[in-house]
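This chain uses plain numbering: 1 for the first residue, then up along the sequence.
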Amino acid sequence: MVAALLANVLYSTGFVLEKRALSALPEVTVRRPARLLRLVLGSPLWIGGSLALAAGFGAQLVVYRTLPIAAAQGLFVSGLVLLVLLSARLLGEETSGRERYALGAILAALLMVVLSLREGSDKVSRAAPYPLVLLVSVPSLAAGVWLYRATERRARNRHRLPTTGVEYGVAVGLLYGVSSLAIKGVSSCLTGGPLGLLRSPYPYLLLFTGAFGLVMSQAALQRCRASLIVPVCTTVTCLFTAVLGTLSFGEALPHDPLRLALRLTGTALAVAVLLTMPKHDAAPEPSIGAKELTPP
């Protein structure tokens with residue numbers, strides 16, 4: 001639990017630093033990935049945020065070796081609260097009433113997941129069948145890339161309301177969900193040595209999701225509020241990993257009815273968070289000078 005909370009702090013700090021750095025850079029786009037990488041690698045603030053995210057990755061490895069994958073996702077969701085607080089403080093992003101209610105649901109979901117844990121009774125799996133992992137991962141990666149491209153095409157319509165980033169968050173969340181499965185797999189292969197790790201699909205899934213996720217997330221993060229796109233991305237990633245990861249790695253849910261109800265209800269609340277997120281920001285109010293004057 002301590003490692004999970006540390007990972008939350010590192011991930012939230014990293015995303016906020018990257019968002020602040022991107023706000024000072026020229027517009028980036030996934031259609032020019034080389035230019036995007038050149039711009040972000042020239043920003044010391046962005047590099048600091050990336051180092052924080054990398055440290056969060058290390059803490060996440062520790063979590064997956066000590067907690068069941070479903071329970072770990074409930075703890076990772078708690079980082080959304082810190083992210084929204086940091087975004088308001090450091091980025092000046094305001095949250096709506098609906099988003100504040102969603103934060104309350106996240107806190108309730110976290111409490112339920114924590115209460116469902118019992119030390120020594122939850123099984124932590126160390127392996128999953130490679131064909132099953134690929135069967136889950138490949139269609140999810142294709143769906144994430146397709147959704148992102150479709151959202152890009154709609155966003156170029158100048159008459160469309162400003163997007164909050166929900167679609168971007170879902171697309172990137174699918175990629176990071178696969179990445180989370182790969183991290184779980186890497187944690188299970190570490191005891192087998194480097195040769196066993198290279199024979200598994202996990203390092204290659206990490207390379208794919210790392211490269212595409214980096215380019216896609218940075219372009220989306222520059223255009224949308226971090227306090228909304230990151231929670232959506234995190235929620236999708238956690239749900240994806242908790243449901244499909246639990247099935248892939250064969251980790252059983254709690255047998256005690258009360259603990260099972262707490263964990264399932266916490267997951268349902270996380271789904272509610274995603275469904276209550278607005279898809280569009282309010283249209284900017286026209287200035288007085290732009291209003292049409294009518295004769296008396």
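- For S200 (side chain) and L197 (main-chain N/O), a donor-acceptor pair under 3.5 Å exists by modelled atom type.
- In this structure, the side chain of T209 engages the main chain of L206 through a donor-acceptor pair within 3.5 Å.
- Side chains of S87 and R225 form no contact here, defined as non-hydrogen atoms less than 4.5 Å apart.
- Using modelled atom types, one side-chain atom of Q222 and one backbone atom of P26 make a donor-acceptor pair closer than 3.5 Å.
- In this structure the side chain of L141 reaches within 4.5 angstrom of the side chain of L205, judged on heavy atoms.
- No path of Ile, Leu, Val, Met, Phe, Trp and Tyr side chains, each step under 4.5 Å between heavy atoms, connects L25 with L45, placing them in separate hydrophobic clusters.
- In this structure a side-chain-to-backbone donor-acceptor pair under 3.5 Å is present from Y148 to M216.
- Aromatic rings from F212 and Y176 are positioned such that their centres are separated by 6.0 Å or more.
- Taking the six-membered ring for Trp, Y204 and F208 have ring centres at least 6.0 Å apart.
- The structure places CD of Q60 at 4.0 Å from CD1 of I183, a figure rounded to the nearest 0.5 Å.
- Considering only heavy atoms from C-beta on, L214 comes within 4.5 Å of L37 through its side chain.
- Counting heavy atoms from C-beta on, the side chains of L61 and K184 never come closer than 4.5 Å.
- Side chains of L36 and T29 form no contact here, defined as non-hydrogen atoms less than 4.5 Å apart.
- Minimum heavy-atom separation, V63 to A4: CG2-N, 3.4 Å.
- With rounding to the nearest 0.5 angstrom, the OG atom of S50 is 9.5 Å from the CG atom of L17.
- Minimum heavy-atom separation, A59 to A7: CB-CB, 3.8 Å.
- To the nearest 0.5 Å, atom CD of residue Q218 and atom CZ of residue R223 are 12.0 Å apart.
- Using a 4.5 Å cut-off on side-chain heavy atoms (C-beta onward), E18 and S217 make no contact.
- Taking OG of S179 as the reference point, atom CG of L174 lies at 12.5 Å (rounded to 0.5 Å).
- If you chain together hydrophobic residues whose side chains sit under 4.5 Å apart, V215 and V230 fall into the same group.
- L10 and F15 are members of different hydrophobic clusters when ILVMFWY side chains are connected at heavy-atom separations under 4.5 Å.
- Annotation for L175 and G213: closest pair CD2-N, 3.8 Å, computed over non-hydrogen atoms.
- Listed here is the closest heavy atom pair of Y130 and R199: CE1-O, 4.1 Å.
- Within a 6.0 Å sphere centred on CZ of R35, other residues, nucleotides and ligands contribute more than 12 heavy atoms.
- Take L264 and apply the side-chain contact (heavy atoms from CB on, under 4.5 Å) test, not counting sequence neighbours, and it matches L253, L260.
- For the pair W46 and L39, the minimum side-chain heavy-atom distance is 4.5 Å or more.
- For the pair I229 and A220, the tightest heavy-atom approach, listed with the atom from each and the gap, is CD1-CB, 3.4 Å.
- Hydrophobic clustering (side-chain heavy atoms under 4.5 Å, transitive across Ile, Leu, Val, Met, Phe, Trp, Tyr) keeps V62 apart from Y11.
- For the residue pair K19 and C224, the shortest heavy atom distance occurs at NZ-O, 2.8 Å.
- The backbone N or O of V9 lies less than 3.5 Å from a partner atom in the side chain of T13, making a donor-acceptor pair.
- Counting heavy atoms from C-beta outward, F240 and L181 have side chains that approach closer than 4.5 Å.
- The cluster map of Ile, Leu, Val, Met, Phe, Trp and Tyr, joined by side-chain heavy atoms under 4.5 Å apart, puts V145 and L134 in different clusters.
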